[in-house]
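Data first, discussion second: the structure below is written as structure tokens.
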2 protein chains.
Amino acid sequence: MPTKKKPQVTAAPARRRELLETAAEVFAEQGYNATTVRKIADHAGMLAGSLYYHFDSKESMLEEILRTFLDELWDGYDTVLDAGLGPRETLEALVTESFREIDRHRAAVAIYQKESKQLVAQERFGFLAESQRRFEKAWLATLERGVAAHVFRADLDVRLTYRFVRDTVWVAASWYRPGGQHSPEEIARQYLSMVLDGIAVRE
Amino acid sequence: MPTKKKPQVTAAPARRRELLETAAEVFAEQGYNATTVRKIADHAGMLAGSLYYHFDSKESMLEEILRTFLDELWDGYDTVLDAGLGPRETLEALVTESFREIDRHRAAVAIYQKESKQLVAQERFGFLAESQRRFEKAWLATLERGVAAHVFRADLDVRLTYRFVRDTVWVAASWYRPGGQHSPEEIARQYLSMVLDGIAVRE
DNA sequence: GTCCTTCCCTAACAAGTGTTTGGTAGGTTA
DNA sequence: TAACCTACCAAACACTTGTTAGGGAAGGAC
């Protein structure tokens with residue numbers, strides 16, 4: 001007889017999703033290391049040991065949360081990147097898409113922001129490093145394309161500009177609350193206005 | 001006989017500073033919760049228990065690190081704010097000063113960025129909340145002064161602009177490495193150029 | 001009815017946590 | 001020489017941590 005079939009390997013059932021969502025919420029709020037499995041179980045209305053019927057470790061919960069988020073993120077990004085837009089339109093679309101992802105995966109983004117730096121060292125989370133490389137590549141290519149086409153300034157350090165744009169977008173997850181007065185698209189519009197045209201008055 | 005005099009209450013001796021610096025380094029790299037006192041002791045070349053000759057808890061190390069950083073930060077900020085500069089010059093000076101602080105207190109800034117959100121809830125770290133209020137007040141006042149003087153755009157949400165400027169500056173601590181190819185002043189110059197004038201080419 | 005699966009509980013485990021206590025080598029002071 | 005202080009070590013403490021093993025209630029399948 002083969003080893004007992006565990007629910008972990010099957011396609012994610014509904015209960016599993018619920019638990020991952022509450023876990024992501026607690027991870028985002030308290031930090032991964034400060035979050036005990038007992039706290040997660042509390043929020044889910046069950047006991048710590050019961051979580052291990054659905055998942056085989058605390059770390060695997062974290063992995064699945066981040067994997068799910070990154071998969072959906074790249075779905076959106078690839079659609080934009082394959083659309084054949086100009087550099088400026090690509091940048092606008094990427095930023096807007098990013099704010100939509102923050103809206104949809106607020107908790108996962110917050111976790112990613114806080115923990116990814118320490119996680120990439122582990123081979124289990126190697127997919128984070130790969131995602132970061134693709135991310136940087138896509139952004140740098142867009143920026144360089146824009147500089148070549150004379151739509152982005154040529155006097156700026158491209159790598160610095162990349163970090164600037166990347167950070168300004170994603171740190172928004174630390175204060176963004178879904179259902180607030182600004183929609184993701186509205187925030188994206190204002191952010192793009194600042195990034196592209198600056199906050200100073202033109203003469 | 002009174003209680004035994006402990007070195008914690010006296011003015012900080014040299015050894016104490018060294019230990020706080022290594023502790024800050026480890027906190028910044030691994031995160032506060034993931035950092036054990038044994039790891040700190042390892043980096044300092046001593047045993048875990050020996051740390052308690054200098055400090056009375058792990059938390060008090062964290063508190064002193066953040067207090068020292070914020071004290072020096074506000075020294076610099078107050079100098080700028082009391083100089084009677086115009087809004088644009090004030091913004092430029094604040095940003096430049098911020099990058100200098102990142103250069104000087106890289107570890108403390110990284111810790112602050114990662115942990116402050118969870119720490120402000122504890123009354124022990126109430127000074128963080130007070131600092132944040134002063135920070136927001138100073139920045140909002142500068143921005144509003146600039147809008148009134150027609151040097152900053154009036155069509156932007158001031159609160160959003162504040163978060164934008166604040167975040168873009170401080171997240172730099174996550175990738176900045178002292179002794180790199182860019183000085184703090186050079187980074188500040190390029191950041192200010194992007195924030196004030198945008199990255200798009202003007203027509 | 002009986003069997004089986006799903007989902008959770010009870011109770012414990014070993015490892016790691018921050019912290020304390022008592023001791024001690026080496027230098028300084030009297 | 002004797003007393004004392006500084007800065008550390010050695011060994012343990014109580015507690016929390018992630019995780020596991022066995023059991024059991026509910027409900028559908030046969």
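This structure is a prediction, so every number in the text was calculated from the model and none was measured. Keep in mind that the numbers below use all heavy atoms, side chains included, and drop hydrogens, waters and symmetry copies. Here is the naming used below: chain letters follow the sequence lines, and residue numbers restart at 1 for every chain.
Between the CZ atom of A:R38 and the C1' atom of D:dT16 there is a distance of 7 Å, rounded to whole Å. With rounding to whole Å, A:D42 atom CG is found 11 Å from C:dC9 atom P. One can place CE of B:M46 at 18 Å from P of C:dA25, the figure rounded to the nearest angstrom. B:Y32 has its OH atom 12 Å from the C1' atom of C:dT17, to the nearest Å.
Side-chain proximity of A:R15 to C:dC8, D:dT19, C:dT19: nearest is C:dC8. Closest contact between the side chain of B:H54 and the listed nucleotides D:dC8, D:dC9, C:dG18 involves D:dC8. Comparing C:dC7, D:dC9, C:dG18 by their closest approach to the side chain of B:S50 singles out D:dC9. When distances run from any side-chain atom of B:Y52 to the nucleotides D:dT19, C:dG18, D:dA7, the shortest one goes to C:dG18.
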Step-by-step ring-ring contact (aromatic ring centres under 6.0 Å, His included) determination, B:F99 to B:Y176: CA-CA 10 Å; B:F99 279 106; B:Y176 180 74; 7.7 Å; no

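Nucleic acid contact class of A:T36 (heavy atoms, under 4.0 Å, all strands): sugar-phosphate only. B:T35 comes within contact range of the sugar-phosphate backbone alone, with a heavy-atom separation under 4.0 Å but no base atom that close.
Annotation: cation-pi geometry not satisfied between B:R166 and B:W139 (NZ/CZ under 6.0 angstrom from ring centroid, within 45° of ring axis). A cation-pi arrangement is absent between A:K58 and A:F27, since the terminal nitrogen or guanidinium carbon is not both under 6.0 Å from the aromatic centre and inside a 45° cone about the axis.
At a threshold of 4.0 Å, the pair B:R159-B:D157 does not count as salt-bridged, since none of the basic side-chain nitrogens sits closer than that to a carboxylate oxygen.
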